[in-house]
Amino acid sequence: MRRIWSVVSELKGKNLPAVVVTLLLAVLGSMALAAQDKYTVKVPDGLAFSDFRGYEDWKDVAVSQTETLLKVIVANDLMMNAYRQGLPADGKLFPDGSKIVKIEWIPKKNTVSPYSVMVPDTLKAVDVIEKDTKRFPDTHGWAYAEFAYDAASDTFKPSDLSQSGATCGYACHTTVAAQDYIFTAYPKR
């Protein structure tokens, strides 16, 4: 702050609009640098949010709802093509490079809709799954991570579950081993 005032003192009598713009740019620039880049977050053994860059534009596989969350499941093109060919199916495996993301929100009631409908409100977490049989041979090629979202700080971090690494979801997914460890089916459209 002292530095800013010394700059203002030096520029006294100069073009005031230029001084104001310069100061605003400096403040906004430092705020932008302070914001978290979610793609730098990763779980302890290396599965990184950056492995899923662009997931916001991936195609929808399905939606789901629990008592407390609304979820949309999206997949990259490779996995979507496998879905369209009938996977998950008994004995058929998703190819390496398949990636799926589950975006979870706390729901709220849409107050303007003419009927009762729940819509996403606060982002809760982004869960990711990647298939790479070379990197993750002990889990039939699948790696898992949950990145919890903190709305107050607008940041992500590995959830408590993901602190153990990329195998965190494997035990749960073994119940669907016959479907290549993927719960979500591609519904009729």
Side-chain angles (χ1 to χ4, degrees), residues 38-108 116-150 156-189:
K38 67 183 174 186
Y39 292 118
T40 61
V41 182
K42 62 182 180 178
V43 296
D45 59 359
L47 188 61
F49 212 142
S50 62
D51 293 338
F52 300 84
R53 189 177 301 275
Y55 73 90
E56 301 90 343
D57 297 321
W58 291 359
K59 294 191 176 45
D60 296 344
V61 174
V63 295
S64 63
Q65 181 178 349
T66 67
E67 291 180 20
T68 58
L69 294 173
L70 288 177
K71 306 174 184 187
V72 63
I73 296 92
V74 298
N76 67 356
D77 288 339
L78 185 64
M79 191 156 186
M80 286 303 295
N81 289 337
Y83 269 121
R84 289 184 186 113
Q85 294 172 13
L87 275 77
D90 195 20
K92 294 183 181 179
L93 304 177
F94 285 98
D96 272 10
S98 293
K99 296 179 183 183
I100 194 165
V101 174
K102 180 172 43 177
I103 308 165
E104 302 176 329
W105 295 273
I106 297 170
K108 69 176 180 179
S116 180
V117 64
M118 300 303 285
V119 295
D121 187 21
T122 305
L123 181 63
K124 171 116 169 80
V126 175
D127 302 346
V128 299
I129 305 175
E130 175 179 0
K131 186 163 189 182
D132 184 332
T133 54
K134 289 183 179 89
R135 280 178 67 193
F136 308 105
D138 296 339
T139 55
H140 298 273
W142 292 104
Y144 310 83
E146 180 178 71
F147 297 101
Y149 178 71
D150 179 53
F156 286 90
K157 69 175 186 173
S159 71
D160 293 341
L161 179 66
S162 290
Q163 291 299 327
S164 63
T167 61
C168 64
Y170 179 68
C172 182
H173 283 253
T174 59
T175 61
V176 287
Q179 293 156 258
D180 199 15
Y181 301 87
I182 295 296
F183 283 102
T184 304
Y186 186 65
K188 179 84 173 150
R189 308 210 171 189

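A quick note: this is a predicted structure, and the numbers were derived from the prediction, not measured.
To the nearest 0.5 Å, atom OG of residue S98 and atom CG of residue N81 are 9.5 Å apart. The line from CG of D77 to CE of M79 is 12.5 Å long, rounded to the nearest 0.5 Å. Distance CD1/I103 to CG/L69: 13.0 Å, rounded to 0.5 Å. From T184, atom OG1 reaches atom CD1 of I100 across 5.0 Å, with rounding to the nearest 0.5 Å. Note that CZ of R189 is 7.5 Å distant from CZ of R84, once rounded to the nearest 0.5 Å. Going from atom CG of L161 over to atom OH of Y144 covers 11.5 Å, rounded to the nearest 0.5 Å.
Within the 4.5 Å cutoff, the side chain of K108 has heavy atoms near those of the V119 side chain. Counting heavy atoms from C-beta outward, P88 and V176 have side chains that stay 4.5 Å or more apart. P95 has its side chain within reach of L78: a pair of non-hydrogen atoms, C-beta onward, lies under 4.5 Å apart. Between D127 and E104 the shortest side-chain heavy-atom distance falls below 4.5 Å. Here the side chains of F183 and S64 are not in contact, with every heavy-atom distance at 4.5 Å or above. The shortest distance between side-chain heavy atoms of S50 and T40 does not fall below 4.5 Å. No side-chain heavy atom of V72 sits under 4.5 Å from any side-chain heavy atom of K102. Side-chain contact between I182 and Y83 is present, with heavy atoms from C-beta onward closer than 4.5 Å.
Judged by distance alone, the side chain of N76 and the main-chain N or O of G97 form a donor-acceptor pair under 3.5 Å. When atom types are taken as modelled, the side chain of D96 and the backbone of T133 share a donor-acceptor pair closer than 3.5 angstrom. Between the S162 side chain and the E146 main chain, a donor and an acceptor come within less than 3.5 Å of each other.
With respect to the salt-bridge test (charged N to carboxylate O, under 4.0 angstrom), the residues D180 and K131 qualify. Electrostatic pairing of K42 and E130 does not count as a salt bridge here, judged by no charged N lying under 4.0 Å from a carboxylate O.
More than 12 non-hydrogen atoms from other residues, nucleotides or ligands lie less than 6.0 angstrom from NZ of K71.
The aromatic rings of Y39 and F49 sit perpendicular to each other, their planes meeting at more than 60°, with 30° as the lower class boundary.
Stacking of K99 on the aromatic ring of F52 is recorded, both the 6.0 Å distance cut-off and the 45° axial limit being met.
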Starting from the C-alpha separation in whole Å, work towards a yes-or-no answer on side chain to side chain contact (heavy atoms under 4.5 Å, CB included) for M80 and V61. CA-CA 7 Å; M80 286 303 295; V61 174; 3.6 Å; yes

Pair K157, Y149 - check side chain to side chain contact (heavy atoms under 4.5 Å, CB included), show working. CA-CA 7 Å; K157 69 175 186 173; Y149 178 71; over 6 Å; no

With side chain to side chain contact (heavy atoms under 4.5 Å, CB included) as the test, would you mind laying out the steps for V101 and V126 before giving the verdict? CA-CA 7 Å; V101 174; V126 175; 3.5 Å; yes

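Taking the six-membered ring for Trp and the full ring otherwise, the centers of F147 and F156 sit at least 6.0 Å from each other. For F94 and Y181, the ring centers are positioned 6.0 Å apart or more.
Side-chain N/O atoms of D132 and W142 include no donor and acceptor closer than 3.5 Å.
For D121 against P107, the heavy-atom pair with the smallest separation is CB-C, 4.2 Å. The two residues A145 and V43 have their closest heavy-atom pair at CB-CG1, 3.5 Å.
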